[in-house]
Amino acid sequence: MASNKLSRSFYQQEDVVKVARQLVGKVLCTQIDDDEMTSGIITETEAYCGRGDKACHASGGTRTDRTEIMYHAGGVAYVYLCYGIHHLFNVVTNVEDRADAVLIRAIEPLDGRELILERRKYQKINPALTAGPGRLTQALSITTDLDSTDLTGDTIWIEDRNVPNSVKELASAKRIGVEYAGEDAKRSWRFYPKNSKWVSKK
DNA sequence: CATTTGATGTTCT
DNA sequence: GAACATCAAATGC
């Protein structure tokens, strides 16, 4: 069966907010070492724009060792450590030097559910398992080791399986945890399916 | 229930 | 030394 893996041209679209919308309902997959493949339906995203968005790590065109990968052409992973504990996964978008990215905040488990439960030390499947940016990376075994990984490769990738969520009505809201960004904190650049349980916060 | 707090490490000033 | 795109456990109603 041919896989509908998202192509480089999908990630290189110029409107990062549009990409964030389109990613809801797509399927994020990881194949780590010799583990079984794990995946989940993306249920929550946030857009970060390199130009004119104070909430973005690369706002104002600042380049540091950490943010350098955000200036890469779209289609690579940006993974960083948050609060010393959590690995947060972003998709770099747009063409080279724009530094746009989409943060994946929540998924609904699909493939490899038993392995996901094991990684999270959970007994049952419920939203607390994978709804939250630090939770889903643990579930899919995404760490900063995977920073800069090419999303068209065989370690982390995103597929379009035309799952029902992809046609649900989307809700939007302010981004989480960016109060420091002043006026930019008010932008409604967070997206999730209306009525979905697999969302970190309403 | 809601709210607070402690854990934890890298980056940047 | 402060800040940080968070989470889970503990405490307060």
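Proteins get letters first, then strands, A, B, ... in listed order; numbering begins at 1 in each. This is a predicted model, so every value here is computed, not measured.
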**Complete:** Stems of at least 3 consecutive Watson-Crick or G-U wobble pairs (donor-acceptor distances under 3.5 Å) involving DNA chain B, listed by first number, are B:1-7 with C:6-12, B:9-12 with C:1-4
**Prompt:** Can A/Val178 be reached from A/Ile176 by stepping across I, L, V, M, F, W or Y side chains whose heavy atoms are under 4.5 Å apart?
**Reply:** no
**Asked** How many Å lie between CG on A/Asp147 and P on C/dA5, as a whole number?
**Response** 16 Å
**Request:** Please identify each residue that fulfils salt bridge (charged side-chain N to carboxylate O under 4.0 Å, His left out) with A/Arg187, with sequence neighbours left out.
**Result:** A/Asp184
**Request:** Check the pair A/Gln12 / A/Val19 against side chain to side chain contact (heavy atoms under 4.5 Å, CB included), numbers first and verdict last.
**Result:** CA-CA 9 Å; A/Gln12 295 185 357; A/Val19 176; over 6 Å; no
**Prompt:** Is A/Tyr78 linked to A/Ile156 within one hydrophobic cluster, defined over Ile, Leu, Val, Met, Phe, Trp and Tyr using a side-chain heavy-atom separation of less than 4.5 Å?
**Reply:** no
**Complete:** Distance col, row A/Leu6:CG vs A/Tyr11:OH, nearest 0.5 angstrom, shows 4.5 Å
**Request:** Compute the centroid of each ring, for A/Tyr80 and then for A/His57, and state whether the two points are separated by less than 6.0 Å.
**Result:** yes
**Message:** At a heavy-atom distance below 4.0 Å, what parts of residues 171-180 of chain A sit against DNA chain C?
**Reply:** A/Ile176, A/Gly177, A/Val178, A/Tyr180
**Message:** Run the side chain to side chain contact (heavy atoms under 4.5 Å, CB included) test on A/Arg113 and A/Ile125 for me, step by step, so that the C-alpha distance in whole Å, both residues' side-chain angles and the decisive distance to 0.1 Å come before the verdict.
**Reply:** CA-CA 8 Å; A/Arg113 294 183 192 201; A/Ile125 290 176; 3.5 Å; yes
**Prompt:** Is the number of heavy atoms from other residues, nucleotides or ligands within 6.0 Å of CD (A/Glu68) greater than 12?
**Reply:** yes
**Message:** Run the side chain to side chain donor-acceptor pair (under 3.5 Å) test against A/Glu183 and tell me which residues pass, sequence neighbours left out.
**Reply:** A/Lys186
**Message:** Whole angstroms only, please: what is the NZ-P distance between A/Lys121 and C/dA8?
**Reply:** 12 Å
**Item:** Stretch residues 125-142 of chain A: residues that reach within less than 4.0 Å of DNA chain B through a heavy atom
**Value:** none
**Prompt:** C/dC7 P sits how many Å from A/Leu81 CG, rounded?
**Reply:** 13 Å
**Prompt:** When rounded to the nearest 0.5 angstrom, what distance separates CG in A/Leu103 from CG in A/Asn90?
**Reply:** 5.0 Å
**Request:** Under 4.0 Å from any atom of DNA chain C, heavy atoms only: list the residues of residues 44-65 of chain A that qualify, in numerical order.
**Result:** A/Tyr48, A/Ala55, A/His57
**Request:** With sequence neighbours excluded, give me every side-chain hydrogen bond (donor to acceptor under 3.5 Å, both in side chains) pair touching residues 122-139 of chain A.
**Result:** A/Arg120-A/Gln138
**Prompt:** Near DNA chain B, under 4.0 Å by heavy atom, which residues of residues 94-107 of chain A?
**Reply:** none
**Asked** Does the side chain of A/Gln31 come under 3.5 Å of the side chain of A/Glu36 through a donor N or O and an acceptor N or O?
**Response** no
**Asked** Quick one: side chain to side chain donor-acceptor pair (under 3.5 Å) partners of A/Asp145, sequence neighbours excluded?
**Response** none
**A/Leu28 and A/Ser39, any side-chain heavy atoms less than 4.5 Å apart** = no
**Request:** Round to the nearest Å and state the distance from A/Glu68 atom CD to B/dC12 atom C1'.
**Result:** 16 Å
**Fill in**
Sequence neighbours excluded, the answer for salt bridge (charged side-chain N to carboxylate O under 4.0 Å, His left out) partners of A/Arg98 is none
**Request:** Please report, rounded to the nearest Å, how far the P atom of B/dT10 is from the OH atom of A/Tyr78.
**Result:** 14 Å
**Request:** Looking at every strand, decide which applies to A/Arg120 at a 4.0 Å heavy-atom threshold: base, sugar-phosphate, or nothing.
**Result:** sugar-phosphate
**Asked** For A/Arg175, which residues count as a salt bridge (charged side-chain N to carboxylate O under 4.0 Å, His left out) partner, sequence neighbours excluded?
**Response** A/Asp53
**Beyond-backbone contact of A/Gln22 with A/Phe10, side-chain heavy atoms, under 4.5 angstrom** = yes
Please tabulate, one pair per line, each protein N/O and nucleotide N/O from nucleotides 3-8 of chain B that are separated by under 3.5 Å, including the distance.
residue, atom, partner, partner atom, Å
B/dT8, O2, A/Tyr83, O, 2.3

**Message:** Nearest 0.5 Å, please: how far is OG1 in A/Thr38 from CG in A/Leu140?
**Reply:** 4.5 Å
**Asked** Could you give the CG-to-C1' distance, from A/Leu88 to C/dC7, as a whole number of Å?
**Response** 11 Å
